[in-house]
A.B. asks: 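Below is one structure. I have some questions about it.
In what follows, chains are A, B, ... by sequence order, proteins preceding strands, each numbered from 1.
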2 protein chains.
Amino acid sequence: MKKNCKSLPQYTLKRLTEYLNILYQLREKGISSISSGELAQRMNITDVQVRKDLSCFDSIGKRGVGYDIDKFISIIEEDLGLNRELSVIIIGAGRLGSALIHYKRLSKARFRVKAGFDIAKDKINKTINKVKIFSIEKLDEYLKENKIDIAVFTVPEDEVEGIMDIIKKSDIKAILNFSPGIINSRENLIVRNLDIVSDFKILSYKIKEKNNAD
Amino acid sequence: MKKNCKSLPQYTLKRLTEYLNILYQLREKGISSISSGELAQRMNITDVQVRKDLSCFDSIGKRGVGYDIDKFISIIEEDLGLNRELSVIIIGAGRLGSALIHYKRLSKARFRVKAGFDIAKDKINKTINKVKIFSIEKLDEYLKENKIDIAVFTVPEDEVEGIMDIIKKSDIKAILNFSPGIINSRENLIVRNLDIVSDFKILSYKIKEKNNAD
DNA sequence: CCTTGTGAAAACTTTCACAGCT
DNA sequence: AGCTGTGAAAGTTTTCACAAGG
């Protein structure tokens, strides 16, 4: 599906996922086509950026017209691998983990939460939104019997290391880590570290910076 | 506190928040000093990157020795503006919003959640972790009477626009948006868009890419 | 005429190589 | 000797300028 690019540039990849959100919304409204300029405006970027992002793909647009939304969506979905199911486990069934288990947009995008894991006795063997929560002690065994693609970490920082020892021995392909601290992506594992508090801190800096400018 | 830099480079800023997480953890363990090499290893980056990031500040390190952790922490905290309180409201008291209201690391970093807002009658006028939940209809009035720095959006996409109309008229300085879709940061507002599903999709692409490589 | 597509330039970020303290 | 600090080089991303198609 690609032309020149061996693999998508990092920032293009990120934006493609954001284009999708906007395109879904437009499709919902019955709109069938959009120009790079309009899309750029909604994304708060330039129109050239949109077109450059698409230059990795065989021509999607029509000159003088714009992009067909259905076609645009299916090409991105295809390329991101979103037309297959990926199985997910949530490690740490606290409030954030539980929110993710309930998150409808995840299941719409075909990410299937298969199980949760926790250390708290009052959570173990219960279900959250039909997803069973197991003791963390069962994780090793569970991973031997079930093929899981992505493990999500929503546990306190000090539990991460022990869990990683188990994950490394499994066939899990990727980790999405919400705990503070960085999980290294050696060991052939794909890792994304996503600390929400970090984003608050960045806002703090920008607020401060702006105050100084006044 | 800065030397040459007018303002911190975007990626340096992001990493500074991540250094903090690691430094807190080290301080907890009673460690008082660290070299750029050790810190880099924990961050999964190069030692030069660490030192370059710090080149915006007046010399923090000691050659031949490393960085004093207490000093390092206080310089970053000072520069990010983390030694003051920022007031926060959570718009959308669903599972994610509720998780944020309970999130201890936020309060530790001095982000104070002052109120929540929702449209659901069963949530309005209740409290979550001592934070009162108001009707979204009270938002306008609330913002006139209370100085709030950051608004967090944890509402469905279609509610964003109406809420933005109210926010724009207020003195809110920054938005952290968990809804899909991009909020434009014109109107003198600082915005960070943070779609969690987007990170899952990026993992999807990388898993697919890796499979192809085998 | 409108909008896509794209080499080339500009801007930004990371890495290299090495000078400089302690 | 060991680690910090930094100008210069390399690599990546964005923007510019304009060619080309409907």
A.B. asks: Rounded off to whole Å, could you give me the CG-to-C1' distance for the L54(A) and dG5(C) pair?
C.D. replies: 10 Å
A.B. asks: Relative to the 5' end of DNA chain D, which residue comes earlier, R63(A) or T46(A), by the nucleotide with the nearest heavy atom?
C.D. replies: T46(A)
A.B. asks: Looking for any heavy atom pair under 4.0 Å, which part of the strands does I60(B) touch: base, sugar-phosphate only, or nothing?
C.D. replies: sugar-phosphate
A.B. asks: For K52(A) and dG5(C), what is the distance between atoms NZ and P respectively, to the nearest whole Å?
C.D. replies: 12 Å
A.B. asks: Between R42(B) and N21(B), does any side-chain donor sit less than 3.5 Å from a side-chain acceptor?
C.D. replies: no
A.B. asks: Please give, in whole Å, the distance from dC3(D) C1' to L39(B) CG?
C.D. replies: 14 Å
A.B. asks: According to a strict under-4.0 Å criterion, is Q49(B) in side-chain N/O contact with OP1 or OP2 of dT15(C)?
C.D. replies: yes
A.B. asks: Report each atom pair, protein N/O against N/O of nucleotides 9-12 of chain C, whose distance is under 3.5 angstrom.
C.D. replies:
none

A.B. asks: Roughly how many Å is it from CG in D47(A) to C1' in dG5(C), rounded to a whole number?
C.D. replies: 12 Å
A.B. asks: Picking from K147(A), K108(A), R112(A), R110(A), what satisfies salt bridge (Lys or Arg N to Asp or Glu O under 4.0 Å) with E85(A)?
C.D. replies: R112(A)
A.B. asks: Could you check S36(B) against P9(A) and say which one's nearest nucleotide on DNA chain D is further toward the 5' end?
C.D. replies: S36(B)
A.B. asks: So, Q49(A) versus T46(A): side-chain donor-acceptor pair below 3.5 Å or not?
C.D. replies: no
A.B. asks: Pick out which of N193(B), D195(B), I163(B), V155(B) makes a side-chain contact (heavy atoms from CB on, under 4.5 Å) with S179(B).
C.D. replies: V155(B)
A.B. asks: Starting from C1' on dG2(D), measure out to OH on Y67(B) and report it in whole angstrom.
C.D. replies: 13 Å
A.B. asks: Give V65(A) one of three labels, base, sugar-phosphate or nothing, depending on what nucleic acid heavy atoms sit under 4.0 Å from its own.
C.D. replies: sugar-phosphate
A.B. asks: R51(B) side chain N/O closer than 4.0 Å to the phosphate oxygens (OP1, OP2) of dA19(C)?
C.D. replies: no
A.B. asks: Ignoring hydrogens and angles, state whether a donor on the side chain of R84(A) or S204(B) is under 3.5 Å from an acceptor on the partner side chain.
C.D. replies: yes
A.B. asks: Atom CG of D58(A) and atom P of dG5(C): how far apart are they, to the nearest Å?
C.D. replies: 11 Å
